[in-house]
Structures are given as C-alpha cells and as structure tokens.
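Right, one structure below, let's go through it.
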Amino acid sequence: MEKMSCKVCVTGGSGYIGSYLVKKLLQKGYTVHTTLRNMGDHAKVGLLQSLPNAETRLKLFQADIYNPDEFEEAIKECEFVFHVATPLHHTEGFQYKNTIEAAIAGAKSIAMSCIKSGSVRRLIYTATVMAASPLTDDGSSFKDSMDESCWTPPNLSLPYTNSFVEDYTDSKTLAEKEILSFGNNNNGGFEVVTLACGLVGGDALLSYTPASVAVLIAQLTDNPYHYQLLRFLEESLGKIPIIHIDDVCEAHIFCMEKPSIHGRYLCTNSYISSAEITDYYQKNHPQFDIKPEYLNGPKRKIKWGSTKLIEEGFEYKYDTSMILDDSIKCGRKMGDLQ
Ligand SMILES: NC(=O)c1ccc[n+]([C@@H]2O[C@H](COP(=O)([O-])OP(=O)(O)OC[C@H]3O[C@@H](n4cnc5c(N)ncnc54)[C@H](OP(=O)(O)O)[C@@H]3O)[C@@H](O)[C@H]2O)c1
C-alpha cells in the first residue's frame, strides 16, 4: 500500500534503460509517471502500456528536453525522479545550438521542477562512465585507477573518436555536473545522486538491439562502427567498464529506497579490455567466426578503484560472463546474431 501511493518519475521511459526501469518499478509496486517525446509513437506507447500493472499504476506524459519545462507536469507530486533521458541527436530549430546545451538546460530545468514540486525527496541521474575518464588532464597518460574522483578532461583528441561521441561525452559530463550542483549544501531541498553506469549489456524489452548491447557484441557482428565505439571507450577509459541491465536498474532502485544517499557513484561490475572480451567470445562461443585482429587491443594495468556503491550496501549480481552471454542472447533474439 505504501509503495502504491509512492509516485516516482522516470524521464525517457521508452528507451533501453528507461523501459527496463519502469517495468521493475511497476513490479515492485510503485506508481510511475514516465515521459516520452511522442505520444503518437504507437510502438513506444504500446510497449509501456503492455507492462504488467501499467493499466493501474503507469501514467505517460509527453516531454522533450528541447522544451524542458514540459517535464514539470510529470514530476509534480512525485517523491523520486530518475532523469534517464538524454538528447543523442541534435534537433534543429530550437534555442540550443547542440545536444550539449540541450542536455545541460534539460538537467537544470528538471532540477528546478523538482524544487518547484515541493514533493521530490531525491533526484537520481543516469550518468555515464564516459564522464569519469582516468586520463590525466593533458590526456597523455592514465592514472593508476578509475574511481569517483575522475572527471573526463575537456577537448581531448583520442583515437577512434567522432563528433557523436565527443558531443555525447561533453553533454553527459556537463549535465552530471549541473545536476550535482543542485545537491551541494542541499540547495534544492532534496538529495541528488548521479550513477555513472558502464556500458550496459543483457536483455532488452525493445524490439531491436540497444546501441550499447550492439557495441558489446561488435566483434561478433563484425560491425566497424560499433567496434570503433568500443575502442573509443577503451582509449578514453583505459579499459571498458561493463554492467548488466538488471544490475543497472536495481542500483537505481537501491539509490531510491535508501533512507539517505547523495553524491556521485560509479556503477560497474567488470572492467575489461576489448581483447579480453574477444578472447572470452572465442573460448566460450566458438561457433562465431571472429577475426583474429580483434585480439589486438591494448593491455593496460589500470585498476577499478570505485567501491562507493558497494560500501553503501549494493550487491552486483551479474559478472563478466553473465553480461556477455546475455548480450549474445539479446543479439540473437533481435536477429542480429545467428
Ligand atoms: N546504455 C548504456 O550503455 C548507458 C551507459 C551509461 C549511461 N547511459 C545513460 O542512460 C540513459 C538511457 O540510455 P539508453 O541506453 O537507454 O539509450 P536509449 O535507448 O537510446 O534511450 C534514450 C532515451 O532518451 C530519450 N530522449 C532522446 N532525446 C530526447 C529528447 N530530446 N527529449 C526527451 N527525451 C529524449 C529517448 O526518448 P524517446 O523514446 O522519446 O525518443 C529515450 O527514452 C542516457 O542518459 C544514457 O546517457 C546509458
């Protein structure tokens, strides 16, 4: 009864992480407000409305980050807000010149709506490890370990880069800083948590392979664009932090259900090189014909130094092999792998 009356908002409920999170929240008994950009999109609306308990406890709202005030209605009366949505591709014709400006303005406006609501107790932002590079400020070398003290230096020119990953990295880094600023000295009257998640793999509720799963299985699909993204992550982060979708969503809910928590948390259960991923696939899934050149990645000794989330009491349930095996299952289900 208590949970049913607890309203929570998820921005971007029709995406990969958003839809999985909404499903779990409904399963656990919460009443969920979620946003999507286009209520006329029957596939996205249909997916959300078909979730168990959606009929009685899910309410959909139309909201676009390029019109950030639109989120106010969905946030009203909620105790917890998960800001999951992010602009990935720029929409022309608005006051913002790129996705970076739009993401920062969206983060600020959503935090302001939380203040205005008078009901929000905690704002939880789905951040990314791409904002937490262990590279030194001039980009010339790596620190010994990757943890919450790492922030990706601006204007780095890295191998395998392209304008999409550069804008995405900047937009997520600056939006996370904007959100965290509302938590300083309890400015907004609510707690702020940022969960910087690794590359997410595993199952999906969507009808297509999510982009992050496609990147995780790039050596199996032999897709040069996805493999380039994998290598970009490796060049930026030393190795590739990966996590299972189920752990990602459980970590979000853990951060909501704790009586008190605030600040920045990295959220990843495996820190692995692209060559090690290839090696795992070769040894455990020999039916795939994998190009030997995918074994030629860097072998760096950087350590995973983040323990904050575990110290708070969170337990990861999915290890490296479960993340990779479930990503293969997802690729097969969607028809991208044999
Ligand atoms: N997947 C990963 O590996 C990973 C790792 C770390 C962090 N993250 C973060 O997790 C979040 C979700 O990512 P995802 O992997 O689930 O990607 P996704 O499936 O592409 O979802 C992106 C979401 O953002 C929404 N969106 C895009 N442009 C928008 C705009 N202008 N206004 C409002 N909403 C907009 C989309 O809504 P519509 O459906 O309405 O288009 C969709 O719900 C993002 O913030 C991402 O940075 C993802």
Side-chain angles (χ1 to χ4, degrees), residues 9-23 34-48 60-71 74 82-94 96 98-107 109-110 124-132 164-165 167-176 179 194-217 226 229-230 232-233 237 240-245 247-249 251-252 265-269 323 327 330:
C9 175
V10 177
T11 70
S14 56
Y16 176 33
I17 296 176
S19 56
Y20 215 90
L21 179 60
V22 169
K23 182 179 178 195
T34 196
T35 68
L36 65 166
R37 274 183 293 179
N38 178 8
M39 292 285 265
D41 187 323
H42 298 299
K44 290 183 178 181
V45 169
L47 164 70
L48 288 165
L60 307 186
F61 295 79
Q62 184 159 309
D64 192 316
I65 286 172
Y66 282 76
N67 277 319
D69 295 348
E70 289 179 346
F71 289 91
F82 296 98
H83 182 24
V84 182
T86 204
L88 295 165
H89 302 285
H90 182 52
T91 318
E92 298 286 349
F94 291 85
Y96 310 115
N98 52 31
T99 53
I100 305 167
E101 281 191 10
I104 300 167
S109 176
I110 283 166
I124 299 156
Y125 177 63
T126 313
T128 165
V129 287
M130 289 175 80
F164 170 76
V165 288
D167 283 1
Y168 178 73
T169 304
D170 286 352
S171 74
K172 293 296 292 184
T173 306
L174 296 172
E176 185 183 1
I179 294 258
T194 64
L195 264 183
C197 303
L199 185 66
V200 183
D203 194 14
L205 302 177
L206 309 174
S207 55
Y208 54 89
T209 308
S212 55
V213 179
V215 172
L216 265 174
I217 56 172
H226 291 143
L229 292 176
L230 189 74
F232 174 80
L233 274 170
L237 306 176
I240 304 149
I242 64 174
I243 179 158
H244 196 279
I245 181 72
D247 275 340
V248 166
C249 294
H252 278 68
Y265 293 83
L266 301 195
C267 182
T268 279
N269 198 29
I323 300 166
S327 297
C330 179

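Values reported hereafter were calculated over all heavy atoms of this structure, with side chains retained and with hydrogens, waters and symmetry mates removed. Computed from a prediction, not measured in an experiment: that's the story for all the values here. Both counts, for ligands and for their atoms, begin at 1 and track the order of listing.
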Identity and distance of the protein heavy atom lying nearest atom 4 (C) of ligand 1: V200 CG2, 3.8 Å
Close approach of A63 to ligand 1, heavy atoms, under 4.0 angstrom: yes
When distances are taken from atom 22 (C) of ligand 1, the protein heavy atom at minimum range is L88 CD1, 4.2 Å
re atom 40 (O) of ligand 1, the protein heavy-atom contact at minimum distance is R37 N, 2.8 Å
Do any side-chain atoms of residues 60-68 form donor-acceptor pairs under 3.5 angstrom with protein atoms, and if so which ones, sequence neighbours left out?
from, atom 1, to, atom 2, distance (Å)
Q62, OE1, M39, N, 2.8
D64, OD1, Y66, N, 2.8
Y66, OH, H90, ND1, 2.9
Y66, OH, T91, N, 3.3

If the cut-off is 4.0 Å to any non-hydrogen atom of D64, which atoms of ligand 1 fall inside it? 30 (C), 31 (N), 32 (N), 33 (C)
Is ligand 1 less than 4.0 angstrom away from at least one heavy atom of G198? yes
Which atoms of ligand 1 sit under 4.0 Å from any heavy atom of T126? 9 (C), 10 (O), 45 (O)
In terms of atom number and element, which parts of ligand 1 are under 4.0 angstrom from non-hydrogen atoms of L36? 40 (O)
For atom 18 (P) of ligand 1, find the nearest protein heavy atom and state the residue, atom name and distance (0.1 Å precision). Y16 N, 4.0 Å
For the residue pair I17 and I245, establish whether any side-chain heavy-atom pair is separated by less than 4.5 Å. yes
Is there at least one pair of N or O atoms, one from G15 and one from ligand 1, spaced under 3.5 Å apart? yes
Sub-3.5 Å donor-acceptor pair from the side chain of K172 to the main-chain atoms of A103, do we have one? no
Nearest non-hydrogen protein atom, atom 32 (N) of ligand 1: I65 N, 2.8 Å
Show the atoms of ligand 1 that are less than 4.0 angstrom away from any heavy atom in Y66. 31 (N)
Hey, does I17 come in under 3.5 Å of ligand 1, counting only N/O atoms on both sides? yes
Keeping S14 on the side-chain end and K44 on the backbone end, is there a donor-acceptor pair under 3.5 Å? no
From CD1 (I243) to CG (L266), nearest 0.5 Å: 10.5 Å
Minimum side-chain heavy-atom gap L47-L206 below 4.5 Å: yes
If you define the side chain from C-beta out and look only at heavy atoms, does anything of L199 sit under 4.5 Å from L230? yes
Ligand-side contact atoms (ligand 1) for residue partner S212, heavy atom cut-off under 4.0 Å: 1 (N), 2 (C), 3 (O)
From atom 38 (P) of ligand 1, is the closest protein heavy-atom distance below 4.0 Å? yes
Using a 3.5 Å cut-off on N or O atoms only, is K44 in polar contact with ligand 1? yes
Counting only nitrogen or oxygen atoms and a 3.5 angstrom limit, does G12 reach ligand 1? yes
Would you say F82 and T126 make side-chain contact, with heavy atoms under 4.5 Å? no
For the 3.5 Å polar cut-off, considering only N or O atoms, please tell me whether K172 and ligand 1 meet it. yes
Over 60° means perpendicular and under 30° means parallel, so classify the ring planes of Y125 and H83, tilted if in between. tilted
Counting distance only, does the side-chain N/O of S327 pair as donor-acceptor with the main-chain N or O of I217 below 3.5 Å? no
I'd like to know if the side chain of S171 and the backbone of D167 have a donor-acceptor N/O pair within less than 3.5 Å. yes
Counting heavy atoms only, name the option from V215, V84, I243 that's nearest to atom 12 (C) of ligand 1. V84
Quick one: does F71 get an N or O within less than 3.5 Å of an N or O on ligand 1? no
Check whether any side-chain N or O of T11 sits under 3.5 Å from a backbone N or O of V84 as a donor-acceptor pair, and report yes or no. yes
Which heavy atom of the protein is the closest neighbour of atom 34 (N) of ligand 1, given with residue, atom name and distance? A85 CB, 3.5 Å
Proximity flag P210 to ligand 1, non-hydrogen atoms under 4.0 Å: no
When you compare ligand 1 with S14, is there at least one nitrogen or oxygen pair between them that comes in under 3.5 angstrom? yes
Relative to atom 7 (C) of ligand 1, which among C267, A127, G18, A103 owns the nearest non-hydrogen atom? A127
Using the test side-chain contact (heavy atoms from CB on, under 4.5 Å), find all partners of T169 that sit at least two apart in sequence or belong to another chain. M130, T152, T173, F232
Identity and separation of the nearest protein heavy atom to atom 6 (C) of ligand 1: C197 O, 3.3 Å
Tell me which protein heavy atom sits closest to atom 24 (O) of ligand 1, plus the residue, atom name and distance to 0.1 Å. T86 N, 3.3 Å
Supply the atom-to-atom distance K23 NZ to C249 SG, rounded to the nearest 0.5 angstrom. 10.5 Å
Whether the side chain of T34 engages the backbone of V10 through a donor-acceptor N/O pair (distance < 3.5 Å, no angle test) should be reported. yes
